[in-house]
Amino acid sequence: MKFESIFLALFMIGAGFGASAQQHSEQDHSNYKAPSDPLVQAKLEKWQDAKFGLMMHWGTYSQWGIVESWSLCPEDEGWCERRGPHAHNWYEYKKAYEGIADSFNPVNFDPEKWASAAKNAGMKYLVFTTKHHDGFSMFDSKYTDYKITNTPFGKNPKSNVTKEILSAFRKEGFMTGTYFSKPDWNTDSYWWPYFPPKDRNVSYDPKKYPEKWQEFKEFTNNQIQELMTDYGSVDILWLDGGWVRPFSSIDPNISWQKSIPYDQDIDMARIAKEARKKQPGLLVVDRTVSGEFENYVTPEQQVPDHYLPIPWESCMTMGNSWSYVPNDQFKSTHQLIHTLLEIVSKGGNLLLNIGPGPDGTWPQAAYDRLNEIGEWMNINSVGIYETKPLAPYRQGKWAFTHKGQRTYAFYLAEKGEKLPKLLKIDGLTINSEQKISIAGQNTTLKYKQGNIQIPEKVSQTAGLQPAYLFIIE
Ligand code: GLC
């Protein structure tokens with residue numbers, strides 16, 4: 001089948017998250033360009049084997065407990081809504097928002113605790129917001145004063161939090177990634193104060209003011225190269241803010257891209273080349289800008305409804321919000337495990353987000369979920385890591401993967417559903433020579449007339465799980 005027809009038919013299932021500022025669902029993946037550099041290819045394979053990562057959105061916005069950055073954006077969208085005493089006046093609001101830095105002090109910051117909880121849950125890689133659209137650098141950049149080391153936390157020996165976080169996770173064996181927003185709503189060369197910003201975009205026409213834009217390009221490249229130089233080994237450069245892109249890359253079929261007013265070519269070729277000099281094999285993820293610098297695609301808050309034959313990752317929130325908001329509602333462990341299986345069986349990775357609070361801790365619910373996921377992974381992760389998808393991928397209550405000749409068939413149970421006595425595997429033929437067992441137990445299960453026979457004892461030992469893994473070899 002032609003790639004186009006697969007991809008154009010692609011339809012994503014929404015996860016019901018209202019405040020998405022960009023629609024990453026509509027992207028036409030036929031433009032995917034596999035990397036030619038063997039080091040990048042190797043890293044991409046390693047990353048695809050990892051399957052499960054942690055994302056963290058953390059910044060001064062966490063102190064107000066609001067949506068990350070977006071309330072600064074003068075667009076009439078729900079997620080940009082300003083609240084509180086300064087809401088009536090954008091200039092006043094921006095000043096107050098940026099003023100949060102004067103009191104930001106996450107004294108309970110303990111990245112080792114995060115890394116160990118994430119590791120126990122079976123996560124293998126990390127993507128951390130080093131700088132979001134608001135421009136606040138969560139690292140000690142020498143190119144801005146709007147940064148973590150200029151807050152009251154600056155006196156703390158762990159104040160360069162990006163460095164601390166990356167190194168704590170690396171010590172636990174994680175691949176590390178830096179989320180970096182290309183747009184920067186703090187720096188004068190993006191939102192040049194001569195023209196007030198009208199929306200998320202650059203506030204002037206870069207074609208008319210090429211020196212200004214050059215200044216911004218240098219600034220952006222400088223900051224990215226700082227991250228690639230002073231923060232140990234980095235595996236992924238995850239670039240957000242897809243409206244910063246060359247005009248020529250705009251897909252007119254995608255509504256949010258159609259409204260980009262200016263060419264915002266940031267020179268990805270240079271950024272990637274310089275970055276890879278320092279970080280050989282670096283994965284570059286210039287989100288939604290299909291082509292050479294988007295080594296994998298990143299549907300947001302959703303899962304494709306088909307298997308995708310290109311490298312991809314769904315980023316998703318564990319609660320409803322990317323950033324910490326008080327009393328966020330966390331998804332159940334049951335749902336999170338099903339989502340992981342949904343994704344892995346279709347050939348993708350899950351990047352699951354937790355938003356640390358202003359004091360530098362995660363909500364208890366995040367630890368609880370990770371703990372429960374870890375208990376399940378201890379038994380069942382053999383069917384996840386380093387596996388490949390297997391047709392029919394996902395059918396009925398089943399999700400499939402394989403490693404060599406071994407088939408992994410996950411039965412996605414209802415909440416509270418124990419294993420029945422007889423179970424039919426949808427969409428898979430098993431021959432009489434094959435041996436079937438359930439993960440964590442040695443008993444070979446009988447297979448008759450299309451049904452797996454499950455003795456009471458096996459069912460009891462399996463207990464209640466969100467999904468049960470059958471190994472067929
Ligand atoms: C959405 C949000 C953005 C967030 C991103 C993470 O685009 O608007 O703030 O960083 O998702 O994927």
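This structure is a prediction, so every number in the text was calculated from the model and none was measured. All ligand and atom numbering here is 1-based and tracks the order in the structure.
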Please list, in number order, the atoms of ligand 1 under 4.0 Å from a heavy atom of [X].
| X | result |
| --- | --- |
| Asp240 | 4 (C), 5 (C), 10 (O) |
| Trp70 | 2 (C), 3 (C), 8 (O), 9 (O) |
| His57 | 4 (C), 6 (C), 10 (O) |
| His132 | 3 (C), 4 (C), 9 (O), 10 (O) |
| Cys315 | 12 (O) |
| Arg287 | 12 (O) |
| Tyr179 | 10 (O) |

*Under the 3.5 angstrom rule, does the side chain of Glu164 hit a backbone N or O of Lys158 as a donor-acceptor pair?*
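Looks like no, no N/O pair under 3.5 Å.
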*Between Asp134 and Asp184, is there a donor-acceptor pair closer than 3.5 Å when you use the side chain of the first and the backbone of the second?*
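Such a contact is absent between Asp134 side chain and Asp184 backbone.
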_What's the separation between atom OH in Tyr179 and atom NE2 in His132, rounded to the nearest 0.5 Å?_
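The OH atom of Tyr179 sits 3.0 Å away from the NE2 atom of His132.
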*Is the distance between the ring centroids of Trp192 and Tyr209 less than 6.0 Å?*
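Close enough - the centres of the two rings lie under 6.0 Å apart.
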*Does the separation of the ring centres of Tyr262 and Trp243 fall below 6.0 angstrom?*
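Judged by ring-centre distance (under 6.0 Å), Tyr262 and Trp243 do not meet the cut-off.
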*Quick one: is the NZ or CZ of Lys163 closer than 6.0 Å to the six-membered ring centre of Tyr231, and within 45° of its axis?*
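Yes, Lys163 lies over the aromatic ring of Tyr231.
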*Does an N or O anywhere in Trp238 fall below 3.5 Å from an N or O of ligand 1?*
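Trp238 vs ligand 1: no N/O contact under 3.5 Å.
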